[in-house]
Amino acid sequence: MPYEILEHTADVRVRVHAATLVELFSDTVQAMNEILDPTLPQQAETVTADISVEAPDVTALLIDFLNDVLLQTELQRTTFRDIAFHTFTDNALLATLSGSRFECLRCDIKAVTWHEADVRRNSRDEWETIIVFDI
Amino acid sequence: MVPKSALRKISPIVWEIPRSYRSDMRVPARVYASQSMLEHILLDRSLEQLVNVATLPGIRKYALAMPDVHEGYGFPVGGVAAFDMDEGIISPGGIGYDINCGVRLLLSALTKSEVAGRNAEIGKTIYREVPSGVGKGGMLKLDLKEIDAVLRDGAERMISLGYGFPEDLERIESGGKLPPADASCVSEHAKSRGADQLGTMGSGNHFVEVEYVSAIYDEAEAQRMGLFRHQICVMIHTGSRGLGHQVATDYIRMMNRSLASFGFSLPDRELACAPFRSHEGQSYWKAMSAAANFAWANRQLITWEIREAWKRVFGAAESLDLLYDVAHNIAKIEAYMLDGEKKNLVVHRKGATRAFPGQPVLIPGSMGTGSYVLSDCQHAMEASFGSSCHGAGRTMSRTKARRETDASELLRELSEKGIAVQAGSKAGLAEEAPAAYKDVDEVVSVVTGSGIAKKVARLKPLAVIKG
């Protein structure tokens, strides 16, 4: 698994690691989807959304991106499984999300927090960060 | 983790981490806890987070942790901090994403014996009337103009639309409306997230609970509040829903980009903040006030929905009166004596309840265990910036609670105690199992033992309604 769910007294703490930053961003969205745990109808409608983020550093870029995905998840009632990055730097990204409209979610994520978030290279030369989701 | 050796015992239930513990602390940190509770608090990052709070610019006196404290993000849950209005900050991370999450208690004229055998019927009727769970919209679909009116006027707007009585407003903290609210400081995204969420409970630890008064500790105070033994009550716990979550997200993002311009270097980016008097600080203050108003409108509309359910079950003659409504994730401007001088401070409460003299303090316990009504909080004005605990406080992670709780067995145990449960998901129910929380009796005994408040009544549940 590219992510593992760790202990946190009240919320959900996840450690995500990946070979590339693009994979790290995509895998964190999948971790978020696992927490949300959507119930999809048999014939789920496909929904797309474009997201554009600029941020002062790569950690801020990830947190802002995830919060924008979460916003679209709530507004469009859709969990996004596929992400196509059209632009990706340490400070900016442009992506198209594609996913399925859900019937309901098991868990409500209020927000993606900045607490402990720090995108960096680990000892295995992978990109890694902790993300704490407020639920 | 903060080691036990860093703590100094002030009294059997007050502990201090001195300023000398870390060079960036501006004030000491104080924890209200019994010895056994402290041992548990030391196991997660609560106190490390509290020390981080003690480093924030303009903090006065202490960073405080109530006895229900547990690890959060930014501030610990159960954290209280007060900041100078001129030299200090306001921090959206210090209030959290669920702005003005809070609790309200409704009182009926019925007794436990009069509702005997009807727990499940009451629970089901309320469950049908109050939308709960994730993504469930409410009865009102507000356009932007109508949302702006709610953000400006809070619970008052609901009363003007017929969802309550004018006297309800007198029994809500701040009258259910923070005047600094400015809807223009709230993003369109936030308004969109809240557009169909008024009158909805949400999920997680939010709930509606039907309870009865199982014990009275102060007859005179109980009588003044309209509480009597075996009386049936209804407790509501929810907040500002997606609108508040988005306001916090927007302003934490904005303030993280402005930290360098303020010359701030923070130990945790979740503590993003701005000087209270700055443009950014004032914009957030007005947006947070608007989101707080949305939360009070939400609890007011839920009250109306429960009153409708009540009439359906017990007939039109049976009413539910509001005892009080308290916020527990909020910033307020309040006056305190500091060094012999009365000063207005920006008090942040993150999982802490305002506890002012003359005001009922509502402390919900874990599902199935019971709640408390407290009062007589004069000492809180000196000791805890007019604050008390906000609940029992979690002690076990949600994953561990799910792993260790058989939801069907939990339902059976609650049923044996005479508690009817209406819940949207068994996994969600397991996460909120009583074993995942501290003992509310022990938490409240620390609050009363420290003189912050006195016990008035204890409530026990009869029906639990959750998303």
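Just so it is clear: chains get the letters A, B, ... in the order the sequence lines come, proteins before strands, and each one is counted from 1. Heavy atoms only: backbone and side chains are in, while hydrogens, waters and symmetry mates are out.
- Between A/Ile109 and B/Arg193, the shortest heavy-atom distance links the atoms O-NH2, 4.3 Å.
- Expressed to the nearest 0.5 Å, how far CD of A/Gln72 lies from NE2 of B/His189 amounts to 6.5 Å.
- Within the 4.5 angstrom heavy-atom criterion, only side-chain atoms of B/Gln197, from C-beta onward, approach chain A.
- Minimum interatomic distance between B/His70 and A/Ala10 (heavy atoms only, all atoms of both residues): CE1-CB, 3.2 Å.
- Applying the 6.0 Å contact sphere to CD of A/Glu54 captures no more than 12 heavy atoms from other residues, nucleotides or ligands.
- Interface summary for chain B: among A/Ile135, A/Leu70, A/Val132, the most heavy-atom pairs under 4.5 angstrom belong to A/Ile135.
- Ranked by non-hydrogen atom pairs under 4.5 Å with chain B, the options A/Leu71, A/Thr59, A/Leu75 are led by A/Leu71.
- Scanning both residues, A/Asp108 and B/Ser203, for their nearest heavy atoms gives CB-OG, 3.2 Å.
- Both the backbone and the side chain of A/Ala60 come within contact range of chain B, each with at least one heavy atom under 4.5 Å from a heavy atom of that chain.
- Looking at A/Arg106, the atoms closer than 4.5 Å to chain B (heavy atoms on both sides) sit in the backbone and in the side chain alike.
- Atom NE2 of residue A/His115 and atom CZ of residue B/Arg45 lie 6.5 Å apart, to the nearest 0.5 angstrom.
- With chain A as the partner, the residue from B/Gly72, B/Gly242, B/Ser425 showing the most heavy-atom pairs under 4.5 Å is B/Gly72.
- For B/Tyr73 and A/Asp134, the side-chain atoms include at least one donor-acceptor pair closer than 3.5 Å.
- In this structure, A/Asp68 and B/Arg253 have side chains that are in contact, with non-hydrogen atoms separated by less than 4.5 Å.
- Once rounded to the nearest 0.5 Å, the distance linking CH2 of A/Trp114 with CD1 of B/Ile252 reads 9.0 Å.
- Looking only at side-chain heavy atoms (C-beta outward), B/Arg269 and A/Ile63 stay at 4.5 Å or farther from each other.
- Taking CD1 of B/Ile99 as the reference point, atom NZ of A/Lys110 lies at 11.5 Å (rounded to 0.5 Å).
- With a 4.5 angstrom heavy-atom cutoff, B/Ser192 touches chain A via backbone and side-chain atoms both.
- The side-chain contact (heavy atoms from CB on, under 4.5 Å) test with B/Thr249 singles out one residue from A/Val112, A/Asp64, A/Asn67, and that residue is A/Asn67.
- Heavy-atom distances place both the backbone and the side chain of B/Glu71 under 4.5 Å from chain A.
- For B/Thr395, the part lying under 4.5 angstrom from a heavy atom of chain A is the backbone only.
- With a threshold of 4.5 angstrom between heavy atoms, B/Arg257 approaches chain A through side-chain atoms but not through N, CA, C or O.
- No side-chain donor-acceptor contact under 3.5 Å links B/His245 and A/Glu74.
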